[in-house]
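Reviewing the structure listed below.
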Amino acid sequence: MKTDLNTNLRAIWGRAYVRVVGANRELSWLFFEVTLPLLAVFAFALIYRGLHAPEQYIGFVVVSGAMVAFWQNILWAMAAQFYWEKEMGNLELYLIAPVSRMAILLGMAVGGLFMTAIRAAAILIIGSWIFGVHYDVGSWLMLLVVFWVTMGALYGLGMLSSSLFMLYGREAWHTANLFQEPVYFISGFYFPVRSLGSGVAMAASLLPLTLGLDAIRQLLFSGGPVNPLLPVRTELVLLVIAMVLFNWAALKALTYMERLGKMTGRLTLKSQ
Amino acid sequence: MSEALEHSDAPSRLGPWLAAARLGWAIESNWADPFVFMTYQIVRPLFGALILVVMFKIVTGQPTSSAVFGQMYVGNAFFILVVQCVSCIGLVIFDDRERYQMLRYIYLAPIGLGAYLAARGMARLAATTVSILFTLAVGAWLFGLRYHLSPADLPYFSLILILGGIATLAMGIMLGGSTMLMAQNGWSMPEGVSGVLYLFCGAVFSIDILPWPFSAVARLIPWTYWLEGIRRSLLGSGYVASLAGLTNAQILLRLGIGTAGTVAVAWLTLRFAEYRAVATGKLDEKTDH
Amino acid sequence: MNWAIETQNLRRVFRGGTVRRLWRRKSAQNGNGETVALDAVDLQVKPGELFGLLGPNGAGKTTLLKILSTLLLPTSGTATVDGIDVAKDPERVRKRINMVSGGEHSGFGILTVRETIWMFAQFYGVPGRVVRERADRMMDILGLTEFAETKVSKLSTGTRQKMNIIRGFVSAPRILYLDEPTLGLDVAVAREVRSFVRAWVDEHPERSIILTTHYMAEADSLCDRVAIIDRGRVRACDTPANLKRDWAPECVYRIEIPLWTQGGHPLDDLDVVRSADVEHHGDRGRTNLRVILENGDGIGAVTERLSQRGVAALSVSRLEPTLEDAFLNLVGHGLAASEEKGR
């Protein structure tokens, strides 16, 4: 048991190392990962400015821009990574190793977290500075708790998705790509989700991103009208439930998909 | 004998070009499943437009049939072409070099990299036309937009579209060429560049609100005039107040000059990148990261 | 006896879809659109043994390795590794195995050779200090030391494969699977890899290696025992010497004739000829026939047939039997012919 834990911890560090080293050796990521997403945030902020929207909406866009970084890290640098690594030939080496698949995924996510955190911080700091966003934080502690619980739920969702990427490769990649804009839309990345109507917003709450963003906005802009979906405490409870459920489902799905892949022979089949 | 072979078996110039376009179609269309592909072509632009609709509604409270929304909507719909073509051509080199490992053979083939990239982009351009038409139709059907394209405007509109298409293909080729000198981790660059263009050409907001020097850049790039020309043709009026003094012909002229400039820069970039890639051995070097 | 590997009546069938499309050209396919990749495979590998699986492409070698490495489930039958059932307890199996494949492109171009070896060793819980010691020693043996700090993206095919070999060995597995490890390597690198593999088994008598190959000489020189596998079935399993003794025909001749351009070969309707491999050398204007005869008396009939057809026998020599002859005799065709059929 102790040996297994030790091996899994080593696996997390081993897989994270690639990303950490990559960030140091190829500094071009600073341009790709920071400058370009920042410009996208600028574009949406300028749309609001062009429409003479309240300044708070520009704040929403900046905060969303930072959160997008985490979401993209989970979806593309972790979940979809199983697809790429299958194509490279790494996946089968992970699968024959005596470690949990979740440890490998966690390694990818943790390794990417460094770059993601820098990207998110840059968007938040530079975006706030350029557009003069004013934050009014109600409770820092609550903000941190909500942020990390949202991350926990999102990583659970990402691991769940990775089981699909593991087996369905290219098809899963296309599906994830397909849902990029719909996810941005229904989770209210660029506007308060309640604007979609309570029914749609509640349905969108199945995505932890929706609740997380709404709660974080409420906590960051507590002084003004943010058109909240639910009270922060309720959202936090729902996020905790989502975190537990998604992580449990991910564990089950990874085991199930791996077994299904072994039965059908798709697990190591490339170029699908 | 050999001379006869050279003449009779020499491939036509069009043949390889069509083959590349067909390959582009097969790859882009998810290995020739037209239904999946069309869903893909429609869902993303549609939700992109919906985000815009909600943003507009919650801020202004105006109906979507208003003139300002029409300008935003049409700009956003046509900009899909830039996003899709630039991303597509920009990623061809990564795909062919890293994944399919075919770049070296394409380089050796008589088609030439520039024509190959353009042909791949043409396939996407054709498919994206469907996305644009669908988005415009949704605009008219759901959001009450009215288009005023008269037969008399058609030649002008066609010229605007053709020049914009050429400029977009050239931008894609420029990025495709640049990626020859990059490791695979630059995969997000083409999408990022289209994001930059989105910002500078005023796809959904007037470039007049851009601070200097961004506003100056906006006046240099052809897509600004492309979208202005499209808006004038389709909606009967332009969007950018500071360009209101320009006649349609002047818009066309500026677009033509911008397109020519983009083509020239793309050609130079591609030649330089090819030369550097061959000189440094990067042409078929699999970077794996 | 505790076998390192044991399979009993192992069968793997692929049904429909992409997998079928990939396999249908290479393996036996029945009328239901099913492809039988492995059929009734019974094998036992002893601890400390270097065991070869010899067969053409599509014979089922890689499928067998995938089952043994827990990447694929058998359709029926059982397979155990170190006494553990691969289908029932894959986690315990994984603690005992590792695998290296030929033409492998695993790893990350941005990492150095040393980092790559270290990273994969972490998945086996090997402490960094131990990885370093083992990797240094292995890199020294394989002549890889000067590339230790080179990025993987800069490596040649041979150097990269040496790194992969070390990646597989560094976790000190009880059982190591080598799936065509010398595929695409030049003669010198392939030889280095083979001697490294042989030395490792000799140094670690309790550990086993399963090697798949379609290089006859590799199986002959390297393996303690060899199973000849074709179209999913094990045709024979023994030491290379015994296989040659029991299955290789004694009457093998090489006959050189002027370049034969009429298709097939000039002896194709002769009863005494069991099989013949044809090699054309257009540059020299020669064709070499490697002929297996039913008995030693048949050579007279051969020369007579050649002269009847106006073909001069430029040279005739009798050959020592090889593993390839045994393979030919067992399977009914050579590796090249088998691959040709596969296409």
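Proteins come first, then strands; the chains are lettered A, B, ... in the order of their sequence lines, and each starts at number 1. What you see is a predicted model, and the numbers here were worked out from it, not measured in a lab.
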Report task. Look at A:Ala53, A:Gly188, A:Pro54 and state which one has the largest set of heavy-atom pairs under 4.5 Å with chain B. Result ->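 Top option by heavy-atom pairs under 4.5 Å: A:Ala53.
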Report task. Measure distances from A:Tyr184 to the heavy atoms of chain B and classify the residue's part below 4.5 Å as side chain, backbone, both or neither. Result -> both
**Report entry** Side chain / backbone / both / neither for A:Phe44 at chain B, heavy atoms under 4.5 Å
**Finding:** both
Query raised in the report: Can you name the side-chain contact (heavy atoms from CB on, under 4.5 Å) partners of A:Leu196, sequence neighbours left out?
Result: A:Phe185, A:Phe191, A:Val193, A:Val200, B:Val54
Query raised in the report: Taking C-beta and beyond as the side chain, do A:Ile47 and B:Leu52 meet within less than 4.5 Å on heavy atoms?
Result: yes
Query raised in the report: Are any non-hydrogen side-chain atoms of A:Glu181 and B:Val43 less than 4.5 angstrom apart?
Result: no
If you look at every heavy atom in [X] and [Y], which pair is closest and at what distance?
X	Y	answer
A:Leu51	B:Met72	CD2-SD, 3.9 Å
A:Ala43	B:Tyr198	CB-CD2, 3.7 Å
B:Ile209	A:Leu46	CD1-O, 3.2 Å

Query - Full working for side chain to side chain contact (heavy atoms under 4.5 Å, CB included) between B:Val196 and A:Thr35 - result: CA-CA 10 Å; B:Val196 173; A:Thr35 316; over 6 Å; no
Query - Region of B:Phe56 in contact with chain A, defined by heavy-atom distances below 4.5 Å - result: both
Query raised in the report: Which region of B:Leu210, side chain (C-beta onward) or backbone (N, CA, C, O), has a non-hydrogen atom less than 4.5 Å from a non-hydrogen atom of chain A, or is it both or neither?
Result: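 Just its side chain gets close to chain A.
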Requested in this report: May I have the step-by-step check of side chain to side chain contact (heavy atoms under 4.5 Å, CB included) for A:His52 and B:Thr60, ending in yes or no?
Outcome: CA-CA 8 Å; A:His52 308 292; B:Thr60 65; over 6 Å; no
Report summary line: So CG of A:Leu39 and CZ of B:Phe214: to nearest 0.5 Å the spacing works out to 7.0 Å
**Report entry** Gap between atom CD1 of A:Ile186 and atom CZ of B:Phe47 - 0.5 Å precision
**Finding:** 7.5 Å
Requested in this report: Any chance you could lay out the side chain to side chain contact (heavy atoms under 4.5 Å, CB included) test for A:Tyr57 and B:Ile58, step after step, and finish with the verdict?
Outcome: CA-CA 10 Å; A:Tyr57 281 73; B:Ile58 61 167; 3.1 Å; yes
